[in-house]
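Below, chain A is the first sequence line, B the second, and so on; all start at residue 1.
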There are 2 protein chains.
Amino acid sequence: MATRHQRPPAETAALNAYVKLMRAAESVTTRAHLVLPEGVTITQFAALEALLHRGPLFQSELAGKLLKSTGNLTLVVDNLERDGLVVRERDETDRRFIRVALTAKGRKFISALFPQVAASLTHEFSALTLAEQATLAELCRKLGRGPQPAA
Amino acid sequence: MATRHQRPPAETAALNAYVKLMRAAESVTTRAHLVLPEGVTITQFAALEALLHRGPLFQSELAGKLLKSTGNLTLVVDNLERDGLVVRERDETDRRFIRVALTAKGRKFISALFPQVAASLTHEFSALTLAEQATLAELCRKLGRGPQPAA
DNA sequence: GGATATTAGTTTGACATTAAACTATTATCC
DNA sequence: GGATAATAGTTTAATGTCAAACTAATATCC
């Protein structure tokens, strides 16, 4: 038995926008990453991309960039290290920190892969005009920051 | 060593919009679901919500609504069934199909929970005006459908 | 009507993900 | 300077997630 309710307009608008937001995020991510070779996950790609464009990072910094927990990063970096794409280096000044850096193999790998994913994402976003993409980005930025207390 | 590139404007716009889209989706989802009680995951909530508002569904239909694989749904429904929130019923006309339905306990549970999550989402989206929410929904809809071949 | 193909769901193996408990290291504070 | 806090990372247990191989049931086709 399906259940239907009268909802306040604000709630209807929010639920509708939320569903569409989530579906767009999932659809685009899935389609754009079809170019990833067998055995490379989206998270691994994201970690390698961050290291390529920002240089070596502490694991906690990497977790911050990817919006993931540090426990998660332990596993992701484990797997990347196992595959010879990154190395861990203990920071000698403060031995609690571990710096993650691309190996030569890892740099070569992500340097070749990134342009393909970028092209794929660009193709996906060609569903929108550049102006629409800018609008979308701005609305998402405001939404991501959350409701701001009145100034 | 960070790497910077000259990019075509279309690529810059797409990458920027993509990052903001993903961050917004993750941030809003995380914050809005903080109201979920201990032990209920976002996926379980989504499955129960679909059953509440659409009535009993086949597992494959549920997978379609949630954009998840059927293998995934097997586990999700397993856990919901274990907790007494849903039941599986073999379809007698075509015994390949399994219908998933809320139990009385499950209906009571999700009926009480949904309004809280809806209110939480509505609060998150109050970062945007209703017009902005409508714009966001429309842009996401176009993006989710993907680039359409020229008519 | 029996071989073949298709479809719904399950299983398996690998990775992702979190919260919470834990270890090791550094900072703080009396 | 020694007890206490705080911080970075790891581990553990539970769930999510997929692709691919599989089972069971139904449909198709000669």
Side-chain angles (χ1 to χ4, degrees), chain A residues 22 25-27 29-48 50 56-83 85-101, chain B residues 22 25-27 29-34 36-50 56-83 85-101:
Chain A
M22 295 309 293
E26 289 181 41
S27 299
T29 297
T30 300
R31 291 197 301 259
H33 291 77
L34 291 178
V35 301
L36 292 185
E38 183 75 17
V40 185
T41 69
I42 293 179
T43 299
Q44 289 171 348
F45 171 82
L48 294 174
L57 295 172
F58 297 128
Q59 275 191 210
S60 46
E61 290 177 315
L62 207 41
K65 301 296 176 201
L66 307 185
L67 296 180
K68 299 297 157 63
S69 69
T70 63
N72 186 4
L73 260 287
T74 294
L75 178 66
V76 172
V77 173
D78 278 353
N79 289 339
L80 291 174
E81 197 173 32
R82 174 203 60 197
D83 296 344
L85 299 174
V86 305
V87 286
R88 280 182 164 103
E89 295 161 4
R90 186 65 73 171
D91 185 295
E92 285 309 322
T93 331
D94 185 335
R95 295 186 48 77
R96 285 174 300 187
F97 287 75
I98 292 184
R99 200 182 314 275
V100 183
Chain B
M22 295 309 294
E26 290 181 41
S27 298
T29 297
T30 301
R31 290 197 301 260
H33 290 79
L34 291 178
L36 292 185
E38 185 74 19
V40 185
T41 68
I42 292 178
T43 298
Q44 289 172 346
F45 171 81
L48 294 173
E49 190 272 328
L57 294 172
F58 297 129
Q59 276 191 209
S60 46
E61 291 177 315
L62 206 41
K65 300 296 175 202
L66 307 185
L67 297 179
K68 299 296 157 65
S69 68
T70 62
N72 185 4
L73 261 287
T74 294
L75 177 66
V76 172
V77 174
D78 278 352
N79 288 338
L80 290 174
E81 197 173 32
R82 175 204 58 197
D83 296 342
L85 299 174
V86 305
V87 287
R88 280 181 165 104
E89 294 162 4
R90 186 66 73 172
D91 185 295
E92 286 308 323
T93 331
D94 187 336
R95 294 187 47 76
R96 288 173 299 185
F97 287 74
I98 292 184
R99 201 182 313 275
V100 183

Margin query: If you assign each of B:Glu38 and A:Asp83 to its closest nucleotide in DNA chain C, which residue comes earlier from the 5' end?
Written below: A:Asp83
Note to self: Just the rounded figure in Å: distance from C1' of C:dT17 to CD1 of B:Ile42.
What the structure shows: 11 Å
Item checked: Contact under 4.0 Å: A:Arg82 side-chain N or O vs C:dA14 OP1/OP2 -> no
Checklist line | Spacing between A:Leu66 atom CG and C:dT18 atom P, to the nearest angstrom | finding: 10 Å
Note to self: Tell me which nucleotide, if any, is Watson-Crick or G-U wobble paired with D:dA19 when both distances must be under 3.5 Å.
What the structure shows: C:dT12
Margin query: Within the 4.0 Å heavy-atom criterion, would you say A:Arg88 contacts the bases, only the backbone, or no part of the nucleic acid?
Written below: sugar-phosphate
Next item on the list: Using the salt bridge (charged side-chain N to carboxylate O under 4.0 Å, His left out) rule, pick out the option among B:Arg95, B:Arg96, B:Arg90 that qualifies with B:Glu92.
Entry: B:Arg95
Margin query: Under 4.0 Å, counting only non-hydrogen atoms across every strand here, what does A:Leu75 touch: a base, just sugar-phosphate, or nothing?
Written below: base
Next item on the list: For B:Thr70, answer base if it contacts any base atom (sugar-phosphate contacts may also be present), sugar-phosphate if it contacts only those atoms, and nothing otherwise; contact means non-hydrogen atoms under 4.0 Å.
Entry: base
Note to self: Can you tell me which nucleotide in C:dA8, C:dC15, D:dG16 comes closest to the side chain of A:Gln44?
What the structure shows: C:dC15
Next item on the list: Mind checking the NZ-CD spacing from A:Lys68 to A:Gln59? Nearest 0.5 Å is all I need.
Entry: 14.5 Å
Check: Rounding to a whole Å, what distance do you find between A:Leu36:CG and C:dC15:C1'?
Finding: 14 Å
Next item on the list: Please state how far atom CG in A:Asn72 lies from atom P in C:dA16, giving the value in whole angstrom units.
Entry: 7 Å
Notebook entry, point to check: Which distance, rounded to the nearest 0.5 Å, do you find between the OG1 of B:Thr30 and the CD1 of B:Ile42?
Noted result: 6.0 Å
Notebook entry, point to check: Syn or anti: how is D:dA25 classified when any glycosidic angle within 90° of 0 counts as syn?
Noted result: anti
Margin query: Measuring from the side chain of B:Arg95 (C-beta onward, heavy atoms only), which nucleotide among C:dT25, D:dG9, D:dT26 has the closest atom?
Written below: D:dT26
Next item on the list: Taking all heavy atoms of A:Asp91 and all of A:Thr93, pick out the closest pair and write down the distance.
Entry: OD1-N, 2.7 Å
Checklist line | A:Thr74, nearest nucleotide to its side chain (from D:dA6, C:dT6, D:dT11) | finding: D:dT11
Next item on the list: With DNA chain C as reference, determine whether A:Asn79 or B:Asp78 sits nearer its 5' end, using the nearest nucleotide of each.
Entry: B:Asp78
Note to self: Can you identify which nucleotide, out of D:dT17, C:dA27, C:dG9, has its nearest atom closest to the A:Arg96 side chain?
What the structure shows: C:dA27
Next item on the list: Have a look at A:Leu67 and say if it touches a base, only the backbone sugar-phosphate, or nothing, with a 4.0 Å heavy-atom cut-off.
Entry: sugar-phosphate
Check: For C:dT17, does OP1 or OP2 lie under 4.0 Å from any side-chain N or O of A:Thr43?
Finding: yes
Next item on the list: Return the value, rounded to whole Å, for the distance between atom NZ of A:Lys68 and atom C1' of C:dC15.
Entry: 12 Å
Note to self: If you apply the rule side chain to side chain contact (heavy atoms under 4.5 Å, CB included), what do you find for B:Leu36 with B:Thr41, and how did you get there?
What the structure shows: CA-CA 8 Å; B:Leu36 292 185; B:Thr41 68; over 6 Å; no
Check: Which of the following nucleotides, C:dT25, C:dA16, D:dG16, is nearest to the side chain of A:Thr41?
Finding: C:dA16
Notebook entry, point to check: A:Val40 and A:Phe45: which non-hydrogen atoms are nearest, and at how many Å?
Noted result: CG1-N, 4.3 Å
Notebook entry, point to check: Could you state the NE2-P distance from B:His33 to D:dG16, rounded to the nearest angstrom?
Noted result: 13 Å
Item checked: Gap between atoms CZ and P, on B:Phe97 and D:dA24 respectively (whole Å) -> 18 Å
Item checked: For D:dA5, the Watson-Crick or wobble counterpart (both distances under 3.5 Å) -> none
Margin query: Taking 4.0 Å as the cut-off, does a side-chain nitrogen or oxygen of A:Ser60 come that near to OP1 or OP2 on D:dG9?
Written below: yes
Note to self: What is the distance, to the nearest angstrom, from the CD atom on A:Glu26 to the P atom on D:dG16?
What the structure shows: 14 Å
